[in-house]
Amino acid sequence: MEVVGLNQQAKAPTPIPGRAWAIAAVTGAGAFMAMLDSTVANLAIEAIRDDLSSSLSIVQWVATGYLCALAVSLPANAWLGARLGYGRLWAGSLIVFLLASVSCALAPDAPALIAARLVQGLAGGLMVPAGQAVIGSTIDKGQLGRIFGTLGLVIALGPAVGPVLGGLLLDAVSWRWLFWLNVPIGVVALIAAIGLVPRGERDPQRSIDVTAYTLLAVGLPLFLFGASDMGDAGNGEAGPVALALGVLLTVAFLVITIYRRNPLIDLTLLKRRMFSTATLTTGLTGANMYGGLLLIPLYLQLIAGADSVTTGLWLLVMGLGSAFVLPVAGALTDRFGGGGVSLAGAILLLISTLPLAWPQVPSTVSLAMCLVARGVGVALAQMPAMTAAYTTAAADEMGDATTLVNIVQRVGGALGAVGVVVLVQQTGGTGRIGAHNVAFSALAIVSALTMVSAALLHRQSRHHPANAVEATD
């Protein structure tokens, strides 16, 4: 099967037609809402607890339940996309997401809000990869870098502006408006999608492997919940037990899927060297990014002595550095291929992490340079690797490809977060600079591994014939 492959030589990228930009903007609106909603909802936990007269242990499931629900529906993305068509799946999941947002805004009590957030998470777990599949299967592969780079800028602004917007809404009106905000965005996206977003091809013969789905739909949320609980420095047994069960069930899924004639997710994509290397690179970058997002605020507040406002500004600077370089990373990916760009980002991640592993707190100028460089490094490392993975898949394989990449990104991020917490706890606690140095050293090692993976991806793309997909057995 022939599709456009990775660029192995520098060449002038082809112009992107307006229709392609429009499809990307409309389908990307769902990802923006999912990212923004996740960010601002976390800010409102205390306001929700107080307004609904509930306890923190219950209301925290507004955030945790959403995360777990995302992981429940994600494994079904490839099957549902094949049965319904990815355009239909995207539109349907967006409608459910909007209805769930309305239910969140109108929730009379905590259980109703949590139930609505679970439905919202189920829809979000399908909406984001389905939108990526629409883009990957309808837009020329040589244009994906610029498309995903520009979308990445918009989506990355969610975590950057979300806290500011959420704070304004919480102060001016109510936490309920954090969910009402989704309605006009989603309605405009649905109207704009009419006649624009292709509905996609249906494959009524595609069956679902119920056993495999059950294993992964239970195992992946357990894994993410366990990692989240341990990442929040939970000291109980629930986190480690959930994490272990999640790993066990996920391994069982992998074992039985390998021998299935009609698998839930086509794991043979991993036999393609470039796809597997690119996916590994996204997982390693996810571990670095989420591990850093958890560790850096602790470091700034407990070691560098920054207050919460200053810490927020530092994180905003890092986020904006990442957001605004994404379009540049996309253009470079289309011109030079994802491997080289990702390698440059991994090198920058390593360089920007090493000063934080030093037993002295960097100066303000050095700290600013490290955080900006780290934001830029994440942008250069992750998005081009994801794009490289998608360029190796044909249109009818895009659902399996987006599902696999999204799962690996989530697992990598969870491992990165729990890894830094365990290291800090085992080497002296959050108040000791030595413990933070050990954790940052671990992130530096992850950066070095990402360099190796990205270098291998760059080498593979250079020796791969243009416009061809690598054969699988």
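Since the structure is predicted, the reported quantities are computational estimates derived from the model, not experimental observations.
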Determine yes or no for a side-chain-to-main-chain donor-acceptor pair under 3.5 angstrom, with S453 supplying the side chain and L449 the backbone.
no
Any idea how W180 and W177 line up, ring-wise: parallel (<30°), tilted (30 to 60°), or perpendicular (>60°)?
tilted
Donor-acceptor contact present, side-chain S352 to main-chain L349, <3.5 Å
yes
Taking the side chain as every heavy atom from C-beta outward, state whether I23 and L196 have any pair of such atoms under 4.5 Å apart.
yes
Residue pair G291 / L443: nearest heavy atoms and the distance that separates them
C-CD1, 4.2 Å
Considering only NZ, NE, NH1 and NH2 on the basic side and carboxylate oxygens on the acidic side, decide whether D266 and R206 come within less than 4.0 Å.
no
Side chains of T402 and N77: closer than 4.5 Å at any heavy-atom pair?
yes
Atom of A442, atom of L423 and distance for their closest heavy-atom approach
CB-CD1, 3.4 Å
Determine, stepwise, if the pair L293 / M318 fulfils side chain to side chain contact (heavy atoms under 4.5 Å, CB included).
CA-CA 10 Å; L293 285 175; M318 185 171 66; 4.0 Å; yes
Test your reading of the model: is there a side-chain donor-acceptor pair from S322 to the backbone of G319, 3.5 Å cut-off?
no
For F179 and L113, what are the C-alpha separation, side-chain angles and deciding distance, and is it a side chain to side chain contact (heavy atoms under 4.5 Å, CB included)?
CA-CA 11 Å; F179 299 105; L113 176 59; 4.3 Å; yes
Heavy atoms, side chains only, cut-off 4.5 Å: are H436 and V420 in contact?
no
Could you tell me if the side chain of L404 sits less than 4.5 Å from the side chain of I265, heavy atoms only?
yes
CG (L264) and OH (Y213) are apart, to the nearest 0.5 Å, by 8.5 Å
What is the distance from atom OG1 of T450 to atom CD1 of I445, rounded to the nearest 0.5 Å?
11.5 Å
Shortest non-hydrogen contact from W314 to T364?
CH2-O, 3.7 Å
Looking at the rings of F275 and Y390, which for Trp means the six-membered one, are their centres under 6.0 Å apart?
no
Close side-chain approach of Y86 and L80, heavy atoms under 4.5 Å:
no
Less than 4.5 Å apart, any side-chain heavy atom of V59 and any of V62?
yes
Can you find a pair of side-chain heavy atoms, one from R83 and one from D203, that are under 4.5 Å apart?
no
Are F223 and V411 close enough, and set up right, to give a side chain to side chain contact (heavy atoms under 4.5 Å, CB included), and what steps lead you there?
CA-CA 8 Å; F223 177 87; V411 170; 3.8 Å; yes
What closest approach, in Å, do T250 and G219 show between heavy atoms, and which atom pair accounts for it?
OG1-C, 3.9 Å
Determine whether more than 12 heavy atoms belonging to other residues, nucleotides or ligands lie under 6.0 Å from atom CZ of R88.
yes
Side chain to side chain contact (heavy atoms under 4.5 Å, CB included) for M398 and Q132? Distances and angles first, verdict last.
CA-CA 8 Å; M398 197 58 65; Q132 292 175 350; over 6 Å; no
Do any N or O atoms from the side chain of T257 and from the backbone of L254 form a donor-acceptor pair under 3.5 angstrom?
no
Search all heavy atoms of S276 against all heavy atoms of L270 and return the closest pair with its distance.
CB-O, 3.3 Å
Distance only, no hydrogens: is a donor on one side chain within 3.5 Å (strictly under) of an acceptor on the other, for R374 and N288?
yes
CH2 of W21: more than 12 outside heavy atoms within 6.0 angstrom?
yes
Measure the spacing between OG of S447 and CG of L348 and express it to the nearest 0.5 Å.
9.5 Å
Go through D307 and T310 one step at a time and tell me if the side-chain hydrogen bond (donor to acceptor under 3.5 Å, both in side chains) criterion holds.
CA-CA 5 Å; D307 58 27; T310 303; 2.7 Å; yes
Could you tell me the separation between the CZ atom of R260 and the CG atom of L267, rounded to the nearest 0.5 Å?
12.0 Å
Dump the intermediate steps for ring-ring contact (aromatic ring centres under 6.0 Å, His included) on W90 and F97, then the final yes or no.
CA-CA 10 Å; W90 171 81; F97 189 88; over 10 Å; no
Where the side chain of R146 meets the backbone of G330, is there a donor-acceptor pair that is under 3.5 Å apart?
no
Which value, rounded to the nearest 0.5 Å, describes the distance between Q120 atom CD and R117 atom CZ?
5.0 Å
With rounding to the nearest 0.5 angstrom, report the CD1 to OG1 distance, I135 to T27.
3.5 Å
Looking at A395, is its backbone amide N or carbonyl O close enough to the side chain of S137 to form a donor-acceptor pair, meaning the two atoms are under 3.5 Å apart?
no
With a 4.5 Å heavy-atom cut-off, do L74 and L70 have their side chains touching?
no
Heavy-atom donor-acceptor pair, S342 side chain to A381 backbone, under 3.5 Å
yes
D51 side chain vs A47 backbone, donor-acceptor pair below 3.5 Å:
no
Between V376 and G321, which heavy-atom pair has the shortest distance, and what is it?
CG2-O, 3.7 Å
Could you tell me if the ring centre of Y299 sits under 6.0 Å from that of F440?
yes
